[in-house]
Amino acid sequence: MNMKKKVALVFGTRPEAVKMAPIIKELQKHQDMDTKVIVTAQHREMLDQFLKLFDITPDNDLDIMEPNQTLTRITTKALEGLEKIFIEEKPDLVLTQGDTTTSFVAALAAFYQKIAVGHVEAGLRTDNKYDPYPEEMNRRLITTLGDLNFAPTPVSTGNLLKNGVVKDTIFLTGNTVIDALLYIAGREDIPIPEEVKNCLMPGKRILLAEAHRRENLGKPMENICQAMLDLVSDFPDTQLVFSVHKNPKVRETVFGMLQGKERITLLEPVDYQVLVWLMKHSYLILTDSGGIQEEGPSLAKPVLVMRKTTERPEGVDAGTAKLVGVESADIYREAAELLNDREAYEKMAKAANPYGDGQAARRTVEAVRYWLGLQNERPDEFIWNK
Ligand code: UD1
């Protein structure tokens, strides 16, 4: 009889894959555990790119993505698919990451089968149920459904405690995004495609942009693009490189407003190692992404967060990120200041590691092993470098 403890990891989008990959690699080191990788493929191309890079082959692939999918459609397709797999596989623990619809549905499907749930990157909050939408609600629901919480920072630990989560179920691990970042930054054997290298214009300061959030679709995305047009036109020594998400609604606005414009380069979603390379070569990052807010400080790059709220106040507190909202004039003003004022720039462009130290996956797996009765001690805690 197989007495190995079975841990199933469920994810569906690129950011979840980035943050789950280090945990998969760490789990696979243990002979007394059986690791199952289940992808909903809420994203197809953007997920597959990443799986290839990290050499991860899913055990199950629900392949649910369809064009212009609604939240209801993602939820119902993933819920039915996961039910079948959980009944067959009977994992001892399901790990879910973050706050996407896949993350929430994984917790719900596990709960329906009375399977324990561990939440990676638990405790992020904006305290505004519609911002980000639907992610803030997904996070809260996963906390309610979950059993084990892997908190990236003391701020997130505090949020969980405020929500009434039992202290013993919280493990302060750091964020696995830093594990993934350090791994990729160290892989010099993975080539950067010549066409990416060649797209950077010599002598120009690179403004790297990325935006895709649901609450930013439509008018806010137009504002973002307008700010980019104005910046590039007023600062002739800059080049805008925009990595355009696969969401058709994002593409319509971004391609519609920015394609073919001078010193503006639009890229298809790039592989993770290319994104890291672009971040390293940029002067300034403008984004609404969560992961990039975490990666920027590690790479000593100022990040302007084009959102009204952030669940990641640590970078703002450390002085490496700034919340600038979604009005063109505000985005323009904040970016222009960093382009004009060397001192203001230097103040933001400093390395800070409020999100992790590269040991988060090890701590997460040790916490899982502790909880499953495979080790006696709780893992050490991530020490916050404020
Ligand atoms: C999802 C997550 C969001 C996360 C983001 C990262 C939810 C509700 N949102 O948002 O939290 O920050 O992923 O990227 O879970 N598409 C493709 N190919 C791809 C990926 C997407 O064609 O590889 C298209 C599909 O037509 C899809 C649309 O993009 O309908 C939007 O994708 P969806 O997963 O619904 O939401 P995202 O905006 O990507």
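As the structure lists them, so they are numbered: ligands from 1, and atoms in each ligand from 1. This is a predicted model, so every value here is computed, not measured. Both backbone and side-chain heavy atoms feed into the values below; hydrogens, waters and symmetry mates do not.
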Under a plain distance cut-off of 3.5 Å, with no hydrogens placed, do S298 and E295 share a side-chain donor-acceptor pair?
no
What are the distances between nitrogen or oxygen atoms of ligand 1 and protein nitrogen or oxygen atoms, counting only those under 3.5 Å?
residue: ligand 1; atom: 9 (N); partner: E135; partner atom: OE2; Å: 3.4
residue: ligand 1; atom: 11 (O); partner: E135; partner atom: OE2; Å: 2.4
residue: ligand 1; atom: 12 (O); partner: H212; partner atom: NE2; Å: 2.9
residue: ligand 1; atom: 13 (O); partner: H43; partner atom: NE2; Å: 3.3
residue: ligand 1; atom: 14 (O); partner: H245; partner atom: NE2; Å: 2.9
residue: ligand 1; atom: 15 (O); partner: Q42; partner atom: NE2; Å: 2.7
residue: ligand 1; atom: 15 (O); partner: T101; partner atom: N; Å: 2.9
residue: ligand 1; atom: 18 (N); partner: E45; partner atom: OE1; Å: 2.8
residue: ligand 1; atom: 23 (O); partner: R44; partner atom: N; Å: 3.4
residue: ligand 1; atom: 23 (O); partner: E45; partner atom: N; Å: 3.2
residue: ligand 1; atom: 23 (O); partner: E45; partner atom: OE1; Å: 3.0
residue: ligand 1; atom: 23 (O); partner: M46; partner atom: N; Å: 3.0
residue: ligand 1; atom: 26 (O); partner: N68; partner atom: N; Å: 3.3
residue: ligand 1; atom: 30 (O); partner: E66; partner atom: O; Å: 3.4
residue: ligand 1; atom: 30 (O); partner: N68; partner atom: N; Å: 3.1
residue: ligand 1; atom: 30 (O); partner: Q69; partner atom: N; Å: 3.0
residue: ligand 1; atom: 34 (O); partner: Q42; partner atom: NE2; Å: 2.9
residue: ligand 1; atom: 34 (O); partner: H43; partner atom: NE2; Å: 3.1
residue: ligand 1; atom: 34 (O); partner: Q69; partner atom: NE2; Å: 3.2
residue: ligand 1; atom: 35 (O); partner: Q69; partner atom: NE2; Å: 3.2
residue: ligand 1; atom: 35 (O); partner: R214; partner atom: NH2; Å: 2.7
residue: ligand 1; atom: 36 (O); partner: R214; partner atom: NH2; Å: 3.3
residue: ligand 1; atom: 39 (O); partner: H43; partner atom: NE2; Å: 2.6
residue: ligand 1; atom: 39 (O); partner: H245; partner atom: NE2; Å: 3.1

With no hydrogens and no angle check, just 3.5 Å: does a side-chain donor-acceptor pair link E314 and T153?
yes
Donor-acceptor side-chain pairing of Q293 and T310 below 3.5 angstrom:
yes
Is there a donor-acceptor contact under 3.5 Å linking the side chains of T143 and R125?
yes
How close do I192 and Q273 get, counting heavy atoms only, and between which atoms?
CD1-O, 3.8 Å
Would you verify whether the NZ or CZ of R312 falls within 45 degrees of the ring axis of Y355 while also being under 6.0 Å from that six-membered ring's centre?
no
